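Have a look at the structure below, then the notes.
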Amino acid sequence: MLLSTDFYTRSDVTLVARELVGKVLFSNIDGKLTAGIITETEAYCGRDDKACHANNNLRTKRTDIMYQNGGLAYIYLCYGIHHLFNVVTNIQGLADAVLIRGLYPFEGIAEMKQRRKTSFDNLCNGPGKLTKALGITTHFNKTNLLEKTIWIEDHGIKIKPDELNISKRIGVEYAGEDADKLWRFYVDSVSL
DNA sequence: CTAACGATTCGCT
DNA sequence: GCGAATCGTTAGT
């Protein structure tokens, strides 16, 4: 079932990040349907989180998307090379987002292999890798996740509490004490 | 206009 | 483990 606006607009971005693990991210791009079960996420908050692009309510042309109502895609270019995919959460005016960092390939695996030119285990095990596997680029920034271009479904996959790992976020050492926030959620494996 | 710098990945040592 | 690749965003002149 397609995730609704109500799922995304909740006020606790860490809760949304936690619950996105186990959901299924789809894309229908260039006529190819691809999907993966979300295995890793990170939460970013526009208030009191120096790791967030919209920290201290910084509002620029780039971060404006994060201030919109939850349920939109925030996709940006990282290191000039990698397209990173985020889900905008919270209500309009409060800039929160969840970075999708890993997937377990689920559908369109042949197409993913063609896009990535690598083996199954390495198709989507990284934030820059999964966007390439799914054909997601900054061209799709601000896409509405309720439309069937990029969307997320609940397939009833349950993550047991003891299967969900929690840690510091990756690659945000520049954020000072906020780098210590335990806002990364991931599973080591998925059971279908 | 200029300069610094990334929410990463890959290949080589 | 280390460094290059590569370019849009941001802040400051």
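Every value quoted in this text rests on a predicted model; they were computed, and no experiment measured them. Chain letters run A, B, ... following the sequence lines, proteins first, then strands; residues in each count from 1.
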Can you find a pair of side-chain heavy atoms, one from Asn28(A) and one from Thr34(A), that are under 4.5 Å apart?
no
>> Any carboxylate oxygen within less than 4.0 angstrom of a Lys/Arg side-chain nitrogen, looking at Glu42(A) and Lys168(A)?
In response: no
When rounded to whole Å, the OH to C1' distance for the pair Tyr79(A) and dC5(B) reads 9 Å
How would you label the contact of Arg116(A) with the nucleic acid (heavy atoms, under 4.0 Å): base, sugar-phosphate, or nothing?
sugar-phosphate
Ranking dA7(B), dT8(B), dT9(B) by distance to the side chain of Ile170(A), first place goes to dT8(B)
Between CG of Leu123(A) and P of dT9(B) the distance, given in whole Å, is 13 Å
*Could you tell me whether the phosphate oxygens of dC10(B), OP1 or OP2, come under 4.0 Å of any side-chain nitrogen or oxygen in Lys129(A)?*
yes
Can Tyr44(A) be said to stack with the base of dA7(B), given centres closer than 5.5 angstrom and planes under 30 degrees apart? yes
As its Watson-Crick or G-U partner within any shown strand, both distances under 3.5 Å, dT6(C) has none
To the nearest angstrom, the CZ-P distance between Phe185(A) and dA7(B) comes to 19 Å
* Asked: Using atom P of each nucleotide, how far apart are dA7(B) and dG1(C) to the nearest Å?
  -> 22 Å
Are the ring centres of Phe120(A) and Tyr104(A) closer than 6.0 Å? yes
note: Leu99(A), atom CG; dG6(B), atom C1'; distance rounded to Å ~ 13 Å
Pairing partner of dA7(B), by Watson-Crick or G-U wobble and under 3.5 Å for both distances, is none
Exercise for review: For Thr137(A) and His139(A), indicate whether the former's side chain and the latter's backbone hold a donor-acceptor pair under 3.5 Å.
Suggested key: yes
Tyr174(A) OH to dA7(B) C1', in whole Å, measures 5 Å
Glu173(A) CD to dG6(B) P, in whole Å, measures 10 Å
Looking at Glu153(A) and Lys23(A), is there a salt bridge between them, counting it only when a charged N and a carboxylate O are closer than 4.0 Å? no
* When you check the phosphate oxygens OP1 and OP2 of dT8(B), does a side-chain N or O of Arg101(A) lie under 4.0 Å from one of them? -> yes
For the pair His155(A) and Phe26(A), name the ring-plane relationship: parallel under 30°, tilted 30 to 60°, perpendicular over 60°. tilted
Closest to the side chain of Met66(A), out of dA7(B), dT8(B), dC10(B), is dA7(B)
DNA chain C: first to last nucleotide in contact with chain A (atom under 4.0 angstrom from a heavy atom), 5' to 3', is dA5(C) to dA11(C)
The residue, Thr118(A) or Val172(A), whose nearest nucleotide of DNA chain B is more 5′ is Val172(A)
| message | One thing to verify: whether Arg115(A) and Glu111(A) come together as a salt bridge, which I'm taking to mean a side-chain N less than 4.0 angstrom from a carboxylate O. | response | yes
Are Asp49(A) and Arg169(A) close enough for a salt bridge, meaning some N to O gap below 4.0 Å? yes
Worksheet item: Can a donor-acceptor pair under 3.5 Å be found between the side-chain atoms of His53(A) and the base atoms of dA7(B)?
Response: yes
Notebook entry, point to check: Reckon Arg62(A) touches a base, only the sugar-phosphate, or nothing at all at heavy-atom distances under 4.0 Å?
Noted result: sugar-phosphate
Whole-Å distance, His82(A) NE2 to dT8(B) P, equals 9 Å
TODO: Using a 4.0 Å heavy-atom cut-off across all strands, classify Leu84(A) as base, sugar-phosphate, or nothing.
DONE: sugar-phosphate
